[in-house]
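Structure record follows, encoded as structure tokens.
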Amino acid sequence: MNIQFSEEKLNKVKEIIARYPEGKQKSALLPLLHLAQDEFGGWLDVPVMDYVAELLQLKPIEVYEVATFYTMFNTKPVGKYLLEVCKTGPCMLNGSDDIIKYIEEKLGIKPGETTPDGMFTLKPAECLGACGYAPMMQLGKFYKEHLTKEKIDALIDECREGKAKIN
Amino acid sequence: MKLLLENAHIEGIRFFEAYRKHGGYRSVEKALKMSPAEIVEEVKKSGLRGRGGAGFPTGLKWSFLAKPEGIPRHLVCNADESEPGTFKDRYLMEFLPHLLIEGLITSSYALGSNATYIYIRGEYAWIPDILEQAIQEAKNNGFLGKNILGSGFDCEIYVHRGAGAYICGEETALIESLEGKRGNPRIKPPFPAVQGVWMRPTVVNNVETLAAIVPIINMGGEEYGKIGVGKSTGTKLISACGNLNKPGVYEIPFDLSVEDFIYSDEWCGGIPKGKKLKACIPGGSSVPILPANLLLTTAKGEKRLMNYESLSDGGFQTGSMLGSGGFIVLDEDQCVVKHTMTLAHFYMHESCGQCSPCREGTGWMWRILKNIEQGKGKMEDIDLLWDVQRRIEGNTICPLGDAAAWPVAAAIRHFRDEFEWHVLNPEEAQVRNFGLAHYADELLIQN
């Protein structure tokens with residue numbers, strides 16, 4: 001894979017760095033890691049993190065230690081559709097266990113696993129701040145709330161048909 | 001009376017035109033004719049307490065800000081909102097972004113911040129677009145950028161996305177994260193007001209707190225301070241969830257009783273299927289859980305009210321806290337042990353790992369709880385659990401240790417019989433409560 005942002009993305013990088021005081025470009029690390037993860041296959045491979053380090057003139061270890069701290073950065077490959085199902089407190093009270101079990105059975109994968117076709121990864125998540133609309137999951141950029149088995153079926157169909165919006 | 005959500009139902013209120021048409025940005029026009037010190041004074045008079053959870057007086061916090069010559073100062077809006085049960089700030093940002101921007105402009109002026117940052121939790125991935133559009137609209141109309149409304153005050157607001165770490169809601173961890181590091185809390189002092197982001201004087205305030213600056217300036221601090229009960233002034237956003245007929249975000253008056261809030265049709269509409277109320281966490285997952293009888297009635301036998309003082313009546317022994325306003329209701333069928341176990345897993349997952357009592361203790365608590373929940377616990381495990389939580393509380397750099405310990409302590413204090421039931425009925429416990437614990441060890445490794 002060619003690890004290089006497009007001209008348009010490089011302009012975005014410059015714009016992000018300019019939000020912070022001069023010499024404090026390290027502050028742009030989280031936004032740039034988000035950008036890189038979206039751009040380079042949904043996860044942060046070592047060459048991707050090295051590229052981000054180079055852009056920000058940081059030591060690679062400064063990027064690795066941050067990328068491994070935050071749960072939104074995937075340091076292993078994930079499926080095209082990452083199903084992050086909230087399982088904390090109010091979601092648990094409203095049946096998130098059943099939702100997770102249902103997805104496990106439907107897709108034949110355990111939490112943390114990816115389907116053999118590389119389409120879906122199932123990841124139980126800690127509180128996603130949608131407690132009043134439980135149970136819920138995050139799919140790409142968006143929240144799917146008040147989940148039922150029927151909604152899961154429809155969502156997975158949408159993903160398989162390439163109709164699900166994730167960005 | 002609604003001070004924040006009054007216009008929330010108006011179509012298009014998310015956009016500048018409708019927001020302005022309904023009185024938006026009046027507080028900025030008024031504030032820019034005042035001196036920064038006068039604004040701080042109005043906020044002090046209002047009695048506003050930080051709406052993020054700690055409830056510290058906002059005006060007082062602002063007055064601590066160091067103002068050395070030649071060093072920039074910053075306001076940082078804490079939009080990390082990761083406390084289980086809490087989703088009110090999301091509502092404000094998603095549906096009333098200009099209310100937040102308006103509050104931010106006035107607050108930035110009062111604090112002398114020319115570059116203000118909104119640190120928003122990463123998972124709210126669609127909201128930065130909404131905020132950035134609102135910022136651009138404000139800028140296009142002269143409320144942001146250079147020389148705002150000809151006042152000579154310059155201000156830019158930037159949105160900064162986090163990436164999934166509850167600890168970044170703690171103000172010093174948030175600052176570290178904003179600097180592009182792991183979200184490890186700093187030892188205080190120095191406090192952010194003296195050395196915050198990039199070692200510059202910094203104020204970190206929650207979204208709802210900053211939105212409340214708008215009505216305070218519009219009506220004057222004194223008038224705002226007259227609304228409410230005692231030291232709980234103004235109104236409060238409550239995010240109600242769990243087993244309720246009408247979960248959601250509500251703006252409540254501080255003289256509302258807990259009973260009315262849960263059962264009245266005007267508010268949460270009671271508990272689904274007519275089930276009984278078992279317990280409630282009134283202020284976000286970290287605050288102590290209360291059984292129904294203590295939740296509804298104070299130590300004096302009066303109706304408990306939805307405010308700072310009433311909910312903390314009697315301290316942690318009998319009371320709880322308003323906290324962040326994350327109101328989690330458990331009906332009679334819920335298992336307190338299982339619920340506490342899921343919260344313990346949350347805190348174990350979110351511990352940054354800096355302090356041994358938190359790093360080791362949160363995992364220890366979860367493992368004990370998992371054993372008890374699965375019917376593999378012994379009676380002495382309950383005492384051990386009590387002992388472990390006690391050794392975490394107050395022994396860590398930041399309040400995450402306390403946040404992890406309090407739910408466990410309160411669950412044992414008020415529901416010890418349920419813990420004992422699990423120990424005494426291991427087979428039934430396994431059948432009744434089989435949940436996610438079976439693969440949580442595996443998840444820990446993956447995370």
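Naming convention: chains lettered A, B, ... in sequence-line order (proteins, then strands); numbering from 1 in each chain. Predicted model, so just to flag it, every value in this text is computed and none were measured.
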Can you tell me which of [options] forms the most heavy-atom pairs within a distance under 4.5 Å of chain A?
| options | value |
| --- | --- |
| P72(B), S285(B), G326(B), P84(B) | P84(B) |
| A165(B), G85(B), G248(B) | G85(B) |
| G183(B), P272(B), P247(B) | G183(B) |
| K246(B), E156(B), R121(B), E83(B) | R121(B) |
| K181(B), K88(B), E81(B) | K181(B) |
| G180(B), G242(B), G122(B) | G180(B) |

Work out which heavy atom in [X] is nearest to a heavy atom in [Y]; give both atom names and the distance.
| X | Y | answer |
| --- | --- | --- |
| L30(A) | G162(B) | CD1-CA, 4.0 Å |
| L93(A) | Q334(B) | O-NE2, 3.2 Å |
| C168(B) | Y70(A) | SG-CE2, 3.8 Å |

Less than 4.5 Å apart, side chain to side chain, heavy atoms only: is that true for [X] and [Y]?
| X | Y | value |
| --- | --- | --- |
| R19(A) | H160(B) | no |
| M92(A) | H339(B) | yes |
| Y166(B) | C127(A) | no |
| E84(A) | E123(B) | no |
| T71(A) | H349(B) | yes |
| K26(A) | E179(B) | no |

How many angstroms lie between [atom1] in [X] and [atom2] in [Y], if you round to the nearest 0.5 Å?
| X | Y | atom1 | atom2 | result |
| --- | --- | --- | --- | --- |
| F327(B) | C131(A) | CZ | SG | 14.0 Å |
| Y143(A) | R90(B) | OH | CZ | 6.5 Å |
| E126(A) | E350(B) | CD | CD | 6.0 Å |
| K141(A) | D129(B) | NZ | CG | 4.0 Å |

Quick one: does R182(B)'s side chain have a donor or acceptor within less than 3.5 Å of a partner on T68(A)'s backbone? no

Below 4.5 Å from any heavy atom of chain B, which atoms of [X] appear? Answer side chain, backbone, both or neither.
| X | answer |
| --- | --- |
| Y20(A) | both |
| A130(A) | both |
| Q138(A) | side chain |

What part of [X] is in contact with chain A, defined as an atom under 4.5 angstrom from a non-hydrogen atom: side chain, backbone, both or neither?
| X | answer |
| --- | --- |
| A240(B) | backbone |
| L178(B) | both |
| V329(B) | backbone |
| T340(B) | neither |
| S82(B) | backbone |
| F346(B) | both |
| I167(B) | side chain |

Interface residue of largest heavy-atom contact number with chain B, from [options], under 4.5 Å:
| options | answer |
| --- | --- |
| G89(A), A125(A), C91(A), A134(A) | G89(A) |
| I16(A), N94(A), L32(A) | N94(A) |
| H34(A), E62(A), E65(A) | H34(A) |

Do Y117(B) and S27(A) have side-chain atoms, one donor and one acceptor, less than 3.5 Å apart? no

Answer yes or no: does atom [atom1] of [X] have more than 12 heavy-atom neighbours from other residues, nucleotides or ligands under 6.0 Å?
| X | atom1 | answer |
| --- | --- | --- |
| K14(A) | NZ | no |
| K275(B) | NZ | yes |
| E161(A) | CD | yes |

